[in-house]
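Predicted model, so just to flag it, every value in this text is computed and none were measured. Numbering starts at 1 and runs along the sequence shown.
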Amino acid sequence: MGRNSNSMLEMKVPSPGESITEVEIAQWLVEDGDYVEKDQAIAEVDSDKATLELPAEASGIITLKAEEGDAVAVGAVVCLIDTDAKAPEGGGASEATEEKAPKKEAAPVKQEKPAAATKTYASGTPSPAAKKILDEKGVSANGVTGTGRDGRITKHDAENATPSMGTPGNGDRGSYRTKLSMLRRKVAERLVEVKNTTAMLTTFNEVDMGPIFSLRKEYKETFRDKHGVGLGFMSFFTLAVVRALELYPSVNSMIDGKEMLTFDYKDISIAVSGPKGLMVPVIRNAENLSFRGVESEVKRLAIRSRDGQITVDEMTGGTFTITNGGVFGSMLSTPIINPPQSGILGMHNIVERPVVKDGAIVIAPIMFVALSYDHRIIDGKESVGFLVAVKEALENPEELLMGNDVKKALEL
């Protein structure tokens with residue numbers, strides 16, 4: 001930030017986080033020449049990790065120095081603010097709008113109608129009668145060979161025309177292009193990189209969610225009244241993952257050059273859908289959190305993602321990821337590893353299915369779960385064992401996640 005002799009404040013691109021050298025102007029929220037207030041959001045900028053709002057550093061009239069879609073280096077000047085300019089009085093905005101409104105054009109001078117020329121038809125043009133027949137058949141004139149004068153399509157040609165498999169119908173066949181945001185382009189690069197640089201495999205299992213359904217039915221109202229957050233599935237899954245990572249520490253590891261780096265702590269990334277796409281904020285030290293702690297943190301991070309307030313720091317450093325495609329109706333999927341992590345657990349929708357219990361067929365709420373893992377450092381035995389440990393904890397949460405004291409675990 002700096003000033004020149006004309007009391008112009010130069011607004012420069014702030015650094016959104018480590019290793020980020022440039023951002024992209026996704027959208028200007030003000031126009032050139034507008035009066036802006038200090039801390040007013042004037043632009044949305046994309047980095048390769050998040051979309052952030054750029055607040056005005058002072059009040060005054062703004063002059064834009066970059067276009068939407070421009071890639072701008074961190075530290076570069078993106079706009080000037082004339083801090084000596086006075087705020088417009090009431091009605092100023094409407095007056096400005098009127099000034100910007102285009103003036104009504106004079107009526108065009110009526111042109112004399114030219115003398116009619118001799119009408120000719122290009123090759124492949126249908127006669128009116130032929131056009132009517134082709135329209136009724138839904139056949140494009142482009143696929144019909146004309147036998148009339150100069151290659152014109154006659155009524156006879158149209159009657160004998162048959163639609164080909166490649167002939168477009170009469171529906172809308174338009175298309176349009178939109179530029180991918182820097183965030184979306186970076187996500188695409190990372191996903192392709194994962195496919196090319198990891199030995200990714202996926203193992204599956206199924207979970208009977210009946211015990212969790214019973215616990216939530218009995219305690220969810222009391223839990224909400226006491227703590228102000230809902231008792232969702234994410235706390236059960238997060239704590240089941242923490243337990244499984246304790247049993248299988250290689251899943252809580254990543255490759256660093258020629259070494260395997262294993263973490264004592266469990267920083268769980270949770271995939272949430274935000275207005276700018278998928279975000280993966282991190283629940284730090286999940287091993288120290290209770291059910292209430294996990295639910296409160298999930299709610300806080302989800303709100304910040306939804307409101308576009310999530311920061312780069314809040315989305316980096318996770319050691320394992322949980323993603324829930326079930327909220328969109330997914331029955332089964334193979335989630336892609338969130339690099340440089342080595343494992344990701346996919347949750348899916350819960351469907352009542354017939355299952356066998358004690359030799360009898362019963363109906364139970366079943367969820368399919370999937371673990372994608374990097375086979376370079378996680379063997380099949382460990383990956384399957386990890387997913388079985390998650391399944392065991394979810395199907396017996398009272399004993400394995402709550403120490404056989406539900407009220408104490410839920411802090412009721």
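Closest approach of V272 to S305, counting heavy atoms only: CG2-OG, 3.5 Å. In terms of heavy-atom proximity, A409 sits nearest to F291 at O-CD1, 3.9 Å. The nearest pair of heavy atoms linking T203 to S383 is CG2-O, 4.1 Å. When all heavy atoms of I337 and G343 are compared, the closest pair comes out as CG2-N, 4.4 Å. Nearest approach of A58 to I81, heavy atoms of both residues: O-CD1, 3.7 Å. A370 and S333 make their closest contact through CB-O, 3.4 Å (heavy atoms, listed as atom of the first residue, atom of the second, distance).
Distance alone, capped at 3.5 Å, places no donor-acceptor pair between the S296 side chain and the G293 backbone. At least one donor-acceptor pair under 3.5 Å links the side chain of R243 to the backbone N or O of A389. Looking only at distances, no side-chain donor or acceptor of E382 sits under 3.5 Å from a matching main-chain atom of V251. Here the side chain of E295 pairs a donor or acceptor atom with the backbone of S235 at under 3.5 angstrom. Using modelled atom types, one side-chain atom of H348 and one backbone atom of F368 make a donor-acceptor pair closer than 3.5 Å.
Ring geometry for Y248 against F386 counts as perpendicular: the plane angle is over 60°, on a 0 to 90° scale with 30° as the lower cut.
For K381, the side-chain contact (heavy atoms from CB on, under 4.5 Å) criterion is met by no residue, not counting sequence neighbours. For E37, the side-chain contact (heavy atoms from CB on, under 4.5 Å) partners two or more places apart in sequence, or in a different chain, are Y35, Q40, S59.
With contacts defined as side-chain heavy-atom distances shorter than 4.5 Å, the pair I25/V45 qualifies. Side-chain contact between I366 and V355 is present, with heavy atoms from C-beta onward closer than 4.5 Å. Within the 4.5 Å cutoff, the side chain of V282 has no heavy atoms near those of the E314 side chain. When side chains are defined from C-beta on, L29 does not count as touching I42, because their heavy atoms never get closer than 4.5 Å. T334 places a side-chain heavy atom less than 4.5 Å from the side chain of F204. At least one side-chain heavy atom of S372 sits less than 4.5 Å from a side-chain heavy atom of I344. Considering only heavy atoms from C-beta on, I270 comes within 4.5 Å of P281 through its side chain. Within the 4.5 Å cutoff, side-chain heavy atoms of F237 are placed close to those of M367.
Rounding to the nearest 0.5 angstrom, the gap separating the CG atom in L239 from the NZ atom in K266 is 12.0 Å. Atom CG of residue L345 and atom OG1 of residue T321 lie 10.0 Å apart, to the nearest 0.5 angstrom. Rounded to the nearest 0.5 Å, atoms CG (N285) and OH (Y265) are 8.5 Å apart. Between the CG atom in L9 and the CD atom in E57 there is a gap of 5.5 Å [rounded to 0.5 Å]. Here N252 contributes atom CG and T319 contributes atom OG1; the two are 3.5 Å apart, rounded to the nearest 0.5 Å. In this structure, CD1 in I283 is found 6.5 Å from CG in L301, a value given to the nearest 0.5 Å.
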Show me, pair by pair, the donor-acceptor contacts under 3.5 angstrom made by side chains of residues 62-73, not counting sequence neighbours?
| from | atom 1 | to | atom 2 | distance (Å) |
| --- | --- | --- | --- | --- |
| E68 | OE2 | W28 | N | 2.9 |
| D70 | OD2 | E67 | N | 2.9 |

Do any side-chain atoms of residues 214-224 form donor-acceptor pairs under 3.5 angstrom with protein atoms, and if so which ones, sequence neighbours left out?
| from | atom 1 | to | atom 2 | distance (Å) |
| --- | --- | --- | --- | --- |
| S214 | OG | G210 | O | 3.2 |
| R216 | NE | L231 | O | 2.6 |
| R216 | NH2 | L231 | O | 3.3 |

Before giving the answer on side-chain contact (heavy atoms from CB on, under 4.5 Å), spell out for F213 and I350 the whole-Å C-alpha distance, their side-chain angles and the decisive distance to 0.1 Å. CA-CA 11 Å; F213 270 37; I350 301 167; 3.9 Å; yes

Under the side-chain contact (heavy atoms from CB on, under 4.5 Å) criterion, do I255 and M260 qualify, and how do the steps go? CA-CA 5 Å; I255 289 181; M260 182 172 81; 5.6 Å; no

For side-chain contact (heavy atoms from CB on, under 4.5 Å), just list the numbers for R284 and L289, CA-CA rounded to whole Å, side-chain angles, deciding distance to a tenth of an Å, and then say yes or no. CA-CA 9 Å; R284 307 286 178 192; L289 297 180; over 6 Å; no

Would you please test M200 and V194 for side-chain contact (heavy atoms from CB on, under 4.5 Å) and show each step? CA-CA 8 Å; M200 195 179 84; V194 171; 4.3 Å; yes

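For CD1 of I363, the number of neighbouring non-hydrogen atoms (other residues, nucleotides, ligands) closer than 6.0 Å is greater than 12. Within 6.0 Å of the CG atom in N288, the count of heavy atoms belonging to other residues, nucleotides or ligands exceeds 12.
Residue pairs meeting the side-chain hydrogen bond (donor to acceptor under 3.5 Å, both in side chains) criterion with at least one member in residues 389-412, sequence neighbours excluded, are S290-E411, R292-E411, K391-E395, N396-E399. Sequence neighbours left out, the pairs with a member in residues 349-366 that pass side-chain hydrogen bond (donor to acceptor under 3.5 Å, both in side chains) are D208-K357.
Side-chain contact annotation: D374 with T198, donor-acceptor N/O pair under 3.5 Å absent.
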